[in-house]
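Scroll down for the structure; my scribbles are underneath it.
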Amino acid sequence: MTKRVPRQLRDILPPEDILSSEEDRALYEHDSQKIYRRLPDLVLFPRKSEQVAALIALAREMSIPITPRGAGTGLSAGAVPMEGGWLLSFTRMREVLSLDPRERIAWVEPGLVNRELQELLAPHGLCFAPDPSSQTVATLGGNVAENAGGPHCLKIGVTSQHVFGLELVDDRGEIHRFGDPSLGADPLDLPGLITGSEGTLAVVTAMGLRLSPLPERVATLLAPFDSLESASRAVSLILARGQLPAALEMMDRDAIRTVEVSGKKTGYPDETEAALIVELDGLPEEVEEERAEASKLLEQAGALWVREARDEAHRQHLWRGRKSHFGATGRLYRDLLVQDICVPVSRLAEAVERVNACVRAEGLHVSSVYHAGDGNLHPNIGYDRGDPTQLASLHRACEGIMKIAVDLGGTLSGEHGIGAEKSDYMPIALSAADRAPMLRIKRALDPEGLFNPRKIFPREDEQTSSPSRLTVVSSPGKSSEPVFLRPEDAEDLAASLRESGSELVFATGARVAEEIATLPGPVGRILSTASLTGIRDFSLADFQLEAEAGTPFNAVRDFLRESGQELDFDVPFSEQRSLAGVVSADEAWPFRRLNRSARDRLLAFDAVLPDGLRFRAGAGSVKNVTGYDLPRLMAGSRGSLAVFTGLRLRTRPIPAFRKLLVLDYSERETALRAGLELAARHDFFGGPLLLPRSFTLDDHPERPRLFLEISGRENLAPVMREKILASLGSAGLSPVEVWEEDNRGTIYSILRDFPQPPRSGEIRFLREYRGMGAALIAALPYLGSRWILDLASSRLRAEEQVAEPMQMLGNLGGALLDRRAKIVKRGVEAPSLYDTVPSRAFLERVVRGMDPSGRMAPGRWLLG
Amino acid sequence: MADFHRGFDLLECVSCGLCLEVCPTYDILRDEGSGPRGRILLMGRLASAGSPGEWTHHLDECVGCLACEARCPAGVPYSGMLDHAHESLRARRPERGLAGRMERWALDEMLSDKNRLDRLFRNLRYMQRLGIFALAKMLRLHRLPGLDFLRGLRWMPRLNAPRKAPTARPKAAYYYFRGCVGPHLFAGEDQAARRLLDRLGGYREAKEETCCGAIHRHRGDLEGSRELAKRNIEAFAGEEEVVTTSAGCGAAMKEYGNWLADDPAWAERAREFSQRVRDLSEVMDAKILSTRPCSDPMLYSYEDACHAVHAQGISERPREILDGLATIQRVEMPHADRCCGAGGTWFLDQPELSETMIRSKVEELVASGAEMLVVANPGCRMQWERVLREAGVSAKVAHPAEIWAEHLD
Ligand SMILES: Cc1cc2nc3c(=O)[nH]c(=O)nc-3n(C[C@H](O)[C@H](O)[C@H](O)COP(=O)(O)OP(=O)(O)OC[C@H]3O[C@@H](n4cnc5c(N)ncnc54)[C@H](O)[C@@H]3O)c2cc1C
Ligand code: SF4
Ligand code: SF4
């Protein structure tokens with residue numbers, strides 16, 4: 001049946017961008033997980049953000065549900081319009097809005113195909129790191145909505161780690177744009193919340209993406225094994241070394257055979273039961289060493305042989321085979337359903353065995369590929385949709401697989417999302433309380449349930465009533481003196497929150513006295529987590545640690561050191577800080593590096609909502625798209641959403657060396673240019689940090705000095721140093737002197753002694769603003785002798801006497817921050833992305849979702 | 001592994017979407033109906049639906065390049081499905097009007113009879129000399145109702161009489177399948193092929209050779225195509241390999257085994273015949289070519305004809321043989337294996353899509369800096385020559401046979 005197209009809709013889209021006939025709509029009934037189907041009422045092809053905004057405003061007016069769709073390669077029925085309505089296909093909205101190869105960032109529209117972006121980037125020596133096997137056709141919008149992973153996400157992180165900004169349309173049809181590529185720029189990681197939210201919170205109309213340099217050297221090893229157990233053992237051996245390969249993929253026997261039949265032969269021995277692909281990349285010296293090491297480990301684990309891809313063509317062929325696996329499995333089964341559980345890597349072998357047994361016990365066939373390094377399993381289950389008993393078996397098998405995942409400490413989905421397909425399994429992983437904060441965010445951002453209905457949340461959640469909307473409390477409680485409380489345990493803390501009524505609450509870690517001294521506003525109740533201490537769990541095999549929120553950060557550090565592990569982000573002044581305090585502030589300063597901050601390392605946590613509801617979020621697996629990414633949202637939220645009671649973090653082996661590379665310059669401008677050059681060119685160091693030598697009572701106090709933090713495996717320090725100097729040399733920015741320091745004590749003491757506000761000011765400048773480099777250079781001469789420029793996170797701190805240049809910079813492209821990272825003044829002349837009022841409104845809606853009455857951490861940074 | 005599941009014979013589309021990467025029409029239109037995944041669903045609907053509706057334009061828009069089939073990891077037999085869809089469409093939606101009658105006439109009367117075709121081309125050649133086509137183009141006759149098929153004049157290259165070449169030998173290593181239009185439109189190509197085959201051990205011709213049937217098949221006349229296949233199988237009786245310079249004809253003849261699989265009287269003969277069919281590049285021997293050094297090689301780009309690369313998997317070998325020549329140097333276009341938009345006679349039905357496809361290819365050619373484009377199929381060559389002429393790009397177009405023949409030792 002051809003659907004009628006409302007007149008107002010025809011005002012928004014031309015006829016060729018509307019599909020209304022039944023035959024055309026039927027092509028949009030399902031995605032690649034064909035099991036759920038539903039016909040959309042209309043299929044619409046917006047080409048501009050304004051059209052999307054108008055469509056959503058109209059849909060809201062007419063109460064028509066909206067389901068966004070990319071290429072329809074989803075594997076959780078995420079793009080199926082479960083309640084009909086309008087399907088927004090983004091395949092025709094695919095411009096590259098901007099590309100800055102030097103800063104390695106791009107803004108693109110959601111319909112651009114992942115491969116199309118890669119093709120555009122390759123000539124610049126760049127790539128977009130997430131490489132799902134569907135990258136040849138899947139859209140970047142779909143990648144962002146599902147927080148897609150891919151073989152190469154093991155080392156370099158999943159999609160959310162490469163998205164710094166978003167433009168989206170909310171349920172009211174308003175367009176918001178936010179994000180800046182500076183590391184740790186945003187206290188609240190909104191892009192992180194929307195990434196992986198499967199189109200249920202907002203519709204994404206543009207994405208700011210971080211681009212990565214293509215590796216200098218790649219080596220790809222191939223190793224067949226005669227059992228799945230020995231292949232899994234090889235995975236553990238390789239990971240235990242600490243150094244992460246670029247990719248570590250496993251295929252079982254049937255997977256190998258289907259891939260071989262659909263492409264060129266690789267020639268595995270007959271007794272092959274499993275095969276591993278191990279890819280190593282990085283600096284040439286690094287790759288050489290790792291290749292030798294990995295080969296040895298593969299053999300030790302019992303590989304039948306170990307071979308290396310002959311050349312680039314052979315390598316491409318291997319990957320093409322691996323990435324076609326899902327389709328190739330179509331040769332085996334009439335119908336096909338793929339699962340996506342993720343478990344702690346140490347449980348991989350067990351998971352493989354139990355999953356296979358579970359499926360076979362139901363009389364169904366299974367053939368699997370694994371992103372083994374991440375503990376992510378993709379069992380492909382064959383069934384026949386025409387056979388009702390098989391369908392019933394299939395559902396039992398899937399439910400069984402979910403239970404196995406959770407039982408092993410893992411989760412339902414590592415990268416494909418929950419969609420409509422797994423929503424009813426959600427209670428297996430998350431209790432009603434665990435789902436509550438997600439549901440509250442959903443209701444805060446989409447109260448009418450306009451976006452992608454019947455996804456993620458199980459049917460039973462549709463009944464739960466929305467939280468009552470309390471009015472915002474703006475005045476302090478009865479007394480002006482805050483009550484100080486130190487709950488004994490999490491339950492005690494929850495009770496205290498429950499009884500706090502409408503008081504403004506401030507949670508704090510170990511640094512109590514100092515915190516109280518700097519309280520920004522009137523507070524009714526101060527809750528200290530200082531009594532919640534202790535390590536709950538540590539797994540060396542999985543590189544995971546779980547501890548109580550109030551555990552002193554240094555205690556955690558000392559504990560880990562005994563096992564040769566660490567939290568690999570910089571926390572210089574940690575004496576009085578709790579683990580939760582560090583994570584709440586998303587600490588990683590001053591030598592911040594891409595994908596290495598508290599936010600990037602938080603896997604799971606326990607917390608209490610302002611109304612006393614206790615919940616847990618995240619899982620013991622390194623990838624997780626089971627509901628909204630609450631760990632990313634909470635890390636950095638500075639106590640404004642909920643109170644942490646326990647945290648699970650990813651640990652890393654302590655590197656063989658960690659040094660400071662110090663570069664002296666004779667004048668500020670060259671030093672700054674050098675710093676900007678390095679920040680743009682490379683990812684492999686922390687920093688750069690630029691400061692005048694005056695701090696060290698040098699005889700050239702005005703002259704500047706650049707600090708970089710380098711770390712890694714044995715023997716690499718000279719290689720890194722050479723690389724840095726070569727880059728600078730080729731740009732004509734060589735330093736006058738270079739040396740290495742083993743100790744970071746000097747620089748930390750400079751930072752410690754740096755005057756606090758109000759005797760100093762801080763400014764965060766927008767890296768995306770192109771005039772920024774020039775503005776900084778212009779401001780340098782006026783900065784006096786005491787200032788610190790952190791080029792990784794784009795922050796400048798300077799003493800108050802330089803208020804004027806600071807103001808100038810602020811006006812140009814920055815935002816003046818106070819010590820709590822609260823923005824006190826924004827730039828007006830620069831195209832400040834934060835300045836649009838609706839963006840702020842959107843941020844507020846997220847916060848209000850978790851804390852409806854706005855009584856957590858008053859005045860912290862956002863709503864004060 | 002006794003239960004290695006019901007064999008590899010399901011070959012059903014699992015909707016993975018990987019074929020969308022290579023589909024030239026999806027690349028332009030970006031909706032499901034314009035890509036293989038959607039078209040497969042539509043073909044299913046066609047098989048069950050009573051009457052085809054407006055939506056069948058999606059099937060007409062498929063150029064039949066078979067890139068999707070080559071890419072599909074599940075082994076979905078797209079081309080076979082498409083043939084049947086065309087047949088079913090043709091049965092239920094007969095072409096009417098002058099254009100329809102012209103098509104029937106062309107398929108039944110001309111393409112199926114080589115002598116008539118030769119006569120037709122002779123007449124066309126005279127008309128071209130007399131300037132009649134130029135006049136028709138100038139008067140824009142194709143704009144008149146019912147005369148839109150005259151658009152085809154744009155594609156017509158300069159017609160030449162078939163030229164003299166080494167003659168066929170009674171006892172020879174190969175059969176030469178000359179094709180219907182090649183010798184008339186591109187006489188040099190035909191002549192080059194004869195010279196090469198002569199050096200490779202001699203060739204003979206089949207008096208009763210007829211059209212390979214590819215065009216009939218594409219227009220949905222499966223029965224007609226089977227009849228032609230049978231005639232060719234009879235005409236080329238013997239052991240010799242049957243060599244052609246046309247990727248389209250080669251691909252079709254390699255499929256005779258499938259076309260006639262259900263005909264017990266012919267199935268075996270057809271399969272045997274198909275196994276003897278060769279593209280010229282497959283029998284070509286680089287040893288007969290001169291490798292004299294050259295200091296200033298000409299830059300060329302190799303275009304994969306769809307029916308060579310996707311249907312026959314021929315892509316590296318002709319390049320390798322050309323790479324052995326010192327006078328030319330290869331520069332690749334990023335999408336050398338993407339359809340140029342000719343598609344047999346498809347360009348006449350879908351001029352806009354066809355134009356978009358070839359235009360983006362021309363951009364790639366220009367960007368590559370090539371001075372020559374090498375392609376091994378007459379339909380593609382016509383499309384390229386026309387668009388290069390219209391776009392004022394000076395690069396020339398050649399068949400690899402012509403280049404090889406120039407380099408005979
Ligand atoms: C062969 C094959 C291999 C795969 N391999 C991988 C893999 O290695 N790793 C991996 O992570 N996934 C993989 N997938 C799953 C799938 O490709 C990814 O989830 C991909 O990101 C989906 O992109 P899409 O454009 O097809 O989105 P769709 O399937 O169309 O949509 C996916 C979700 O995104 C939402 N969405 C789409 N656009 C927007 C937008 N603009 N705003 C808001 N929401 C939006 C939809 O509502 C839906 O919920 C694979 C799939 C296949 C078929
Ligand atoms: S035709 Fe093949 S490649 Fe295309 S969607 Fe179907 S199974 Fe996948
Ligand atoms: S044959 Fe070519 S045009 Fe037709 S669907 Fe396949 S790839 Fe697309």
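In what follows, chains carry the letters A, B, and so on, assigned in the order in which the sequence lines appear, proteins first and then strands, with residues in each chain numbered from 1. Both backbone and side-chain heavy atoms feed into the values below; hydrogens, waters and symmetry mates do not.
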Query - Inter-residue atom distance B/Trp55.CH2 - A/Leu27.CG, 0.5 Å rounding - result: 9.5 Å
Report task. Go through the atoms of A/Val43 and report whether side chain, backbone, both or neither lie under 4.5 Å from a heavy atom of chain B. Result -> neither
Report task. Check whether any side-chain N or O of A/Ser324 sits under 3.5 Å from a backbone N or O of B/Pro73 as a donor-acceptor pair, and report yes or no. Result -> no
Query raised in the report: Which answer fits B/Cys72, side chain, backbone, both or neither, if we ask what part of it has an atom under 4.5 Å from a heavy atom of chain A?
Result: backbone
Report summary line: Among residues 28-38 of chain B, residues within the sub-4.5 Å heavy-atom range of chain A, in order of number, are B/Leu29, B/Arg30, B/Asp31, B/Glu32, B/Gly33, B/Arg37, B/Gly38
Requested in this report: Apply the test side-chain contact (heavy atoms from CB on, under 4.5 Å) to residues B/Asp27 and A/Glu116: give CA-CA distance (whole Å), side-chain angles for both, the deciding distance (0.1 Å), then the verdict.
Outcome: CA-CA 11 Å; B/Asp27 192 47; A/Glu116 292 172 330; 4.2 Å; yes
Query raised in the report: Among A/Val137, A/Asp335, A/Thr73, A/Leu336, which has the most heavy-atom pairs under 4.5 Å with chain B?
Result: A/Val137
Query raised in the report: Non-hydrogen atoms of chain B under 4.5 Å away: do they reach the side chain of A/Arg69, the backbone, both or neither?
Result: side chain
Requested in this report: Could you tell me whether B/Glu21 and A/Arg320 make a salt bridge, using a distance below 4.0 angstrom between a side-chain N and a carboxylate O?
Outcome: yes
Report summary line: Of the listed A/Gly111, A/Gly72, A/Ser89, the one with the largest count of heavy-atom pairs under 4.5 Å with chain B is A/Gly72
**Report entry** Distance, nearest 0.5 Å, that separates SG of B/Cys16 from NZ of A/Lys34
**Finding:** 10.0 Å
Query raised in the report: Are the side chains of B/Glu54 and A/Ser21 in touch, meaning some heavy atoms are under 4.5 Å apart?
Result: no
Query - For the student: nearest non-hydrogen atoms of A/His30 and B/Ser15, plus distance - result: CE1-OG, 3.3 Å
Query raised in the report: Heavy atoms, side chains only, cut-off 4.5 Å: are A/Thr329 and B/Val14 in contact?
Result: no
